[in-house]
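Let me begin by presenting the structure, written as structure tokens, before commenting on it.
These numbers come from a predicted model, not from an experiment.
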Amino acid sequence: MQSLGRVVRRLYSTKLPQPPPQRAATALPKHAAEAREASTPMAVLERRARKQPDLLPPPGSDLTPTEYSSYRRRLAKGELMTDQGRNLTEAEWLDALNEKRSRLRGVKLVGKGSQKQVEVVGQKVYLPNIIFRMVRNHTPKGKPYNPYEATFRIPQSVTKTDIRSYLSAVYGVKTTYIRTANYISPLRRTRMGLRPVGRYRTYKRAVVGLVDPFYYPLDLEDMDRATRKEREAWLEEKFSLKALVRWRRYELVRSTQSGSKGWRFTGHLRRDKILQAVARRRMITRMEIEGIKAEIAEKRAAGKQILSEKVKS
């Protein structure tokens with residue numbers, strides 16, 4: 001009797017093999033789904049981590065945990081029954097859900113009839129002196145770059161509505177989500193660390209989700225040798241980066257060492273370069289002395305006057 005009970009419990013606990021999930025027609029691309037998952041707030045991730053594995057979507061599903069819970073809740077209530085007497089699948093329910101919503105956030109249609117225009121929700125703010133600096137996304141080592149996200153460094157006074165309005169009006173970029181975080185720079189102290197003397201620039205970081213992918217240009221380290229040389233030559237021609245580096249070094253040394261006793265700028269900053277310059281000047285001086293000695297010896301052998309002018313006493 002006990003063996004029969006074990007068999008019944010084993011058969012009851014065994015799950016039947018499920019067919020592979022059907023792909024929804026309106027599902028997000030792979031990189032866009034990864035960007036949405038990476039931009040999820042920490043509180044939501046912690047709440048999902050406390051859920052049981054049965055309450056999470058199966059691997060390969062296009063539904064988020066929140067959408068999967070809503071789908072199962074409606075399925076249990078019988079709200080997904082079709083006219084043919086069957087329930088909607090996950091892919092069909094997701095397609096029907098995406099028809100009612102838009103990935104574009106913070107915008108609305110303004111106008112009458114067919115002449116409707118997309119306008120950003122919120123008061124218009126004109127910021128002529130605001131700088132949006134685009135930087136490369138944070139990409140963990142070994143993972144591909146995510147083209148459905150863009151990262152900006154902006155002033156702290158700029159809000160999410162300003163970001164969405166700026167990108168839409170100036171560049172026509174369609175945005176989905178926006179995540180912002182303030183970076184408070186540390187204080188710069190004296191050499192002994194006794195008192196603060198200033199601080200670096202504080203900024204706000206904005207991670208923007210994109211509808212259309214944007215591929216950031218490759219770094220010089222990621223290029224092949226020929227492309228890297230061509231890129232460096234173009235940068236040197238347009239911006240003179242090497243001359244700028246030399247000028248910065250010169251100004252740094254001039255401003256910090258000009259008050260030192262007996263200091264004289266030689267044109268070099270590295271010790272090995274300075275020693276090479278000293279050895280080169282000594283060699284030139286030695287060659288000049290050897291040439292003068294050879295000329296004096298030649299004139300003396302020929303009986304000519306060595307000094308062209310008489311030395312005045």
Side-chain angles (χ1 to χ4, degrees), residues 23 27-40 60 62 103-104 127 129-155 158 160 162-183 185 200-254 266-277 280:
R23 182 73 177 178
L28 295 180
K30 179 181 177 180
H31 293 292
E34 293 178 355
R36 179 185 59 185
E37 184 68 22
S39 64
T40 305
D62 297 326
R103 292 183 61 200
L104 300 179
L127 305 172
N129 57 344
I130 294 300
I131 298 177
F132 277 64
R133 180 184 177 188
M134 188 175 185
V135 297
R136 184 176 293 271
N137 295 337
H138 171 69
T139 305
K141 187 177 181 180
K143 292 189 177 181
Y145 187 83
N146 192 352
Y148 287 91
E149 272 188 357
T151 305
F152 298 92
R153 288 187 179 184
I154 57 178
V158 178
K160 294 182 180 180
D162 301 336
I163 298 172
R164 184 176 288 109
S165 177
Y166 174 81
L167 296 178
S168 176
V170 179
Y171 300 103
V173 177
K174 300 178 181 178
T175 59
T176 55
Y177 58 85
I178 297 178
R179 304 282 188 264
T180 57
N182 288 308
Y183 174 78
S185 63
Y200 299 98
R201 180 171 297 179
T202 301
Y203 62 88
K204 178 188 289 186
R205 187 190 68 170
V207 180
V208 181
L210 305 177
V211 176
D212 302 322
F214 172 78
Y215 293 91
Y216 203 89
L218 293 176
D219 281 339
L220 294 177
E221 294 80 4
D222 301 332
M223 299 180 181
D224 54 0
R225 182 174 300 179
T227 308
R228 188 186 307 129
K229 289 184 178 180
E230 182 180 356
R231 181 67 175 176
E232 289 177 350
W234 183 85
L235 290 174
E236 183 64 25
E237 178 185 358
K238 297 296 183 180
F239 302 101
S240 302
L241 298 181
K242 295 182 180 179
L244 183 61
V245 171
R246 290 195 300 268
W247 176 78
R248 285 179 176 175
R249 289 181 177 178
Y250 171 77
E251 289 297 327
L252 176 62
V253 175
R254 186 186 61 81
T266 59
H268 301 282
L269 303 178
R270 292 171 45 180
R271 181 173 179 81
D272 56 344
K273 299 294 184 182
I274 294 175
L275 295 178
Q276 290 178 6
R280 191 181 306 109

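Between the side chain of Arg228 and the backbone N or O of Leu220 there is at least one donor-acceptor pair closer than 3.5 Å. Side-chain N or O atoms of Asn146 include none that pairs as donor or acceptor with a backbone N or O of Asn137 at under 3.5 Å. When atom types are taken as modelled, the side chain of Lys174 and the backbone of Val211 share no donor-acceptor pair closer than 3.5 angstrom. A donor-acceptor pair under 3.5 Å is formed between the side chain of Lys204 and the backbone N or O of Val158.
Residue His138 holds its NE2 atom at 10.0 Å from OG1 of Thr151, rounded to the nearest 0.5 Å. Ile154 contributes atom CD1, which lies 12.5 Å from atom CD1 of Ile131 (distance to the nearest 0.5 angstrom).
Across all non-hydrogen atoms, the minimal contact from Lys242 to Glu236 is N-OE1, 3.1 Å. Pro147 approaches Leu210 most closely through the heavy-atom pair O-CD1, 4.0 Å. Of all heavy-atom pairs spanning Arg164 and Thr176, the tightest one is NH2-O, 3.7 Å.
You'll find the side chain of Ile163 stays beyond 4.5 Å of the side chain of Thr175, heavy atoms only. Put simply, the side chain of Ile130 does not reach to within 4.5 Å of the side chain of Tyr166, judged on heavy atoms. Residues Leu167 and Phe152 are in side-chain contact: their nearest non-hydrogen atoms beyond the backbone lie under 4.5 Å apart.
Counted by atom type alone, Tyr216 and Glu149 present zero donor-acceptor pairs between their side chains at under 3.5 Å.
Taking the centre and axis of the six-membered ring of Tyr145, the NZ or CZ atom of Arg136 falls inside the cone set by 45° and 6.0 Å.
Dense packing is recorded around CD of Gln276, with more than 12 heavy atoms of other residues, nucleotides or ligands lying under 6.0 Å away.
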